[in-house]
Structures are given as structure tokens and as C-alpha cells.
Amino acid sequence: MKRLNVPIGLLLAAAVAVPMIYESNPEALLRLISSERETPLVASAIPDDGQPADTLQGRRVRIPANRAGHYVASFKLNGRSVDAMIDTGASLVAINETTARRIGVSLKPADFAHQVQTANGATAAAITTVRELQIGRITARDVPAMVLKDKALSSTLIGASFLQRIARWHVDGDGMVLEQ
């Protein structure tokens with residue numbers, strides 16, 4: 001049930017924010033929706049069917065939406081395979097302590113010096129860098145990330161610190177396309 005807190009919170013935030021933006025400035029909302037960046041306004045969330053991402057021609061990857069409408073794929077973080085969800089509302093890539101150790105990030109208790117608020121409550125976080133984050137033929141190096149305690153984060157989230165490193169991303173039909 002805790003896994004549903006993040007997606008439900010994002011949907012509720014969007015349900016409140018979009019009408020407020022429209023009421024205050026309808027033209028701005030229409031510009032956002034039709035922007036050439038082709039980025040969605042609402043973030044996606046957690047997996048349940050493990051469909052693989054399709055590598056398209058060149059450096060493009062298409063991640064099909066799962067049954068819940070979320071974009072989940074196998075990424076490589078520092079050369080290790082990690083199932084992760086695209087979260088367009090997250091500022092940074094977010095991983096838990098167990099995943100951090102598995103990808104070669106070693107942290108001391110003193111590194112958890114930042115307090116962050118999650119859907120599961122407040123928790124300590126450590127800031128780190130993922131040397132290499134890859135999906136298909138798309139690669140980004142030195143990607144800022146945050147490490148959360150295992151009880152605060154059960155899955156890996158791919159946030160804006162990665163998405164800003166690629167040329168573009170957009171939702172296309174029932175999938176998300178990433179291009180570099």
C-alpha cells in the first residue's frame with residue numbers, strides 16, 4: 001500500500017494544480033500543454049508488469065507504460081542493472097541504501113545530513129553522484145542523485161537530474177520515448 005502513496009500524491013497535486021493554473025492564466029496552461037519540449041505535466045509512478053523497454057533506431061529508447069500507466073525499465077547505474085521508474089516530478093535520481101551499495105556508492109552515516117520530505121514522511125538523505133546512468137544506447141555521466149534510507153524508498157526513481165541530460169523525452173501513445 002505504501003507504494004501507492006507517491007503516485008496518488010502526484011495525481012492529487014496535479015488535480016489541484018492544473019485547474020488553479022488554468023483559472024489564473026488559461027493561455028499559460030495551453031502554452032505548457034502544446035510546448036515543443038513535448039514533456040508531460042504529470043509524473044509517472046511504480047511498476048507491476050516488467051515489460052522491457054524497446055531500443056529504437058539510434059540513441060532512442062521507448063519505454064512502454066505498464067498496466068498502471070507508469071514508465072518502468074531496466075537501467076544500468078554504474079554498470080549494474082537496476083529496475084527503475086521514470087519520475088518526471090523528482091528533481092534528482094533517487095536510490096535507496098541497498099541499491100547504492102550494489103552500484104558501488106559507499107556512504108557513512110554522517111553523509112545523511114539532508115532532511116527530505118517524501119510521501120512516506122521525513123527522512124535523512126545523502127547526496128551523491130552516479131558515475132554512469134544508461135538505458136539502451138543512451139548514457140549520461142556524473143548524474144546527481146540522492147540516497148534515502150531503505151524504509152523511505154523501496155524502488156529507484158529516475159528524475160530530472162537524468163532527464164535534463166538527454167536531448168528530449170516525450171509521451172508517445174502508450175509509451176515514453178527518450179532521445180539523446
Side-chain angles (χ1 to χ4, degrees), residues 2-22 28-56 59-77 82-96 99 116-120 123 125 127-130 133-136 138-148 152-180:
K2 285 183 181 180
R3 286 183 163 189
L4 294 177
N5 288 342
V6 171
I8 290 171
L10 292 171
L11 289 173
L12 288 172
V16 171
V18 171
M20 288 173 53
I21 293 169
Y22 182 76
L29 182 63
L30 294 174
R31 278 194 308 274
L32 281 173
I33 292 171
S34 64
S35 78
E36 292 185 25
R37 289 180 53 199
E38 296 181 328
T39 56
L41 295 174
V42 179
S44 19
I46 296 185
D48 61 15
D49 60 3
Q51 267 187 323
D54 301 324
T55 301
L56 305 174
R59 291 168 57 166
R60 294 178 59 194
V61 173
R62 183 173 188 283
I63 303 170
N66 66 14
R67 288 181 293 232
H70 307 141
Y71 306 103
V72 179
S74 181
F75 288 77
K76 284 194 176 181
L77 280 68
V82 175
D83 288 336
M85 170 190 81
I86 301 285
D87 184 347
T88 60
S91 301
L92 299 173
V93 168
I95 58 179
N96 62 26
T99 301
V116 295
Q117 188 66 36
T118 72
N120 294 329
T123 190
I127 303 300
T128 191
T129 300
V130 175
L133 199 154
Q134 180 180 15
I135 182 168
I138 295 173
T139 302
R141 297 189 196 310
D142 300 322
V143 178
M146 98 169 55
V147 179
L148 302 176
L153 182 67
S154 60
S155 64
T156 298
L157 303 176
I158 303 297
S161 60
F162 170 75
L163 295 173
Q164 292 170 345
R165 305 285 181 101
I166 62 176
R168 75 183 199 132
W169 56 273
H170 64 279
V171 174
D172 181 13
D174 66 344
M176 179 179 278
V177 177
L178 308 176
E179 298 179 46
Q180 187 175 44

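Just so you know, these numbers use all the heavy atoms, side chains as well, and skip hydrogens, waters and symmetry mates.
- Nearest heavy atoms, A84 versus I158: CB-CG1, 3.6 Å.
- R165 pairs by the side chain to side chain donor-acceptor pair (under 3.5 Å) definition with nothing, not counting sequence neighbours.
- Of the candidates I138, V177, V61, L178, L178 is the only one forming a side-chain contact (heavy atoms from CB on, under 4.5 Å) with W169.
- Side chains of V143 and L77 form no contact here, defined as non-hydrogen atoms less than 4.5 Å apart.
- The shortest side-chain heavy-atom distance between T88 and Y71 does not fall under the 4.5 Å cut-off.
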Legend entry - F162/I135 under side chain to side chain contact (heavy atoms under 4.5 Å, CB included): CA gap, chis, key distance, verdict: CA-CA 11 Å; F162 170 75; I135 182 168; 4.3 Å; yes

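- Nearest heavy atom pair, residue L92 against residue P144, reads CD2-CB, 3.8 Å.
- Scored by the side chain to side chain contact (heavy atoms under 4.5 Å, CB included) test, T118 finds V116, N120, T123, L148 as partners (sequence neighbours excluded).
- Separation of atoms OG (S74) and CD1 (I63) is listed at 10.5 Å; rounding is to 0.5 Å.
- Note that CD of E179 is 11.5 Å distant from CZ of R59, once rounded to the nearest 0.5 Å.
- Among residues two or more places apart in sequence or in another chain, the side chain to side chain donor-acceptor pair (under 3.5 Å) test is passed with Q164 by none.
- In this structure, M146 and I127 approach most closely via the heavy-atom pair CB-CD1, 4.1 Å.
- Looking at residues two or more places apart in sequence or on another chain, you find a side chain to side chain donor-acceptor pair (under 3.5 Å) between D174 and R62.
- The side chain to side chain donor-acceptor pair (under 3.5 Å) search around Q134 returns none, not counting sequence neighbours.
- By the side chain to side chain contact (heavy atoms under 4.5 Å, CB included) test, T99 pairs with V82, I95, N96, I103, T156, sequence neighbours left out.
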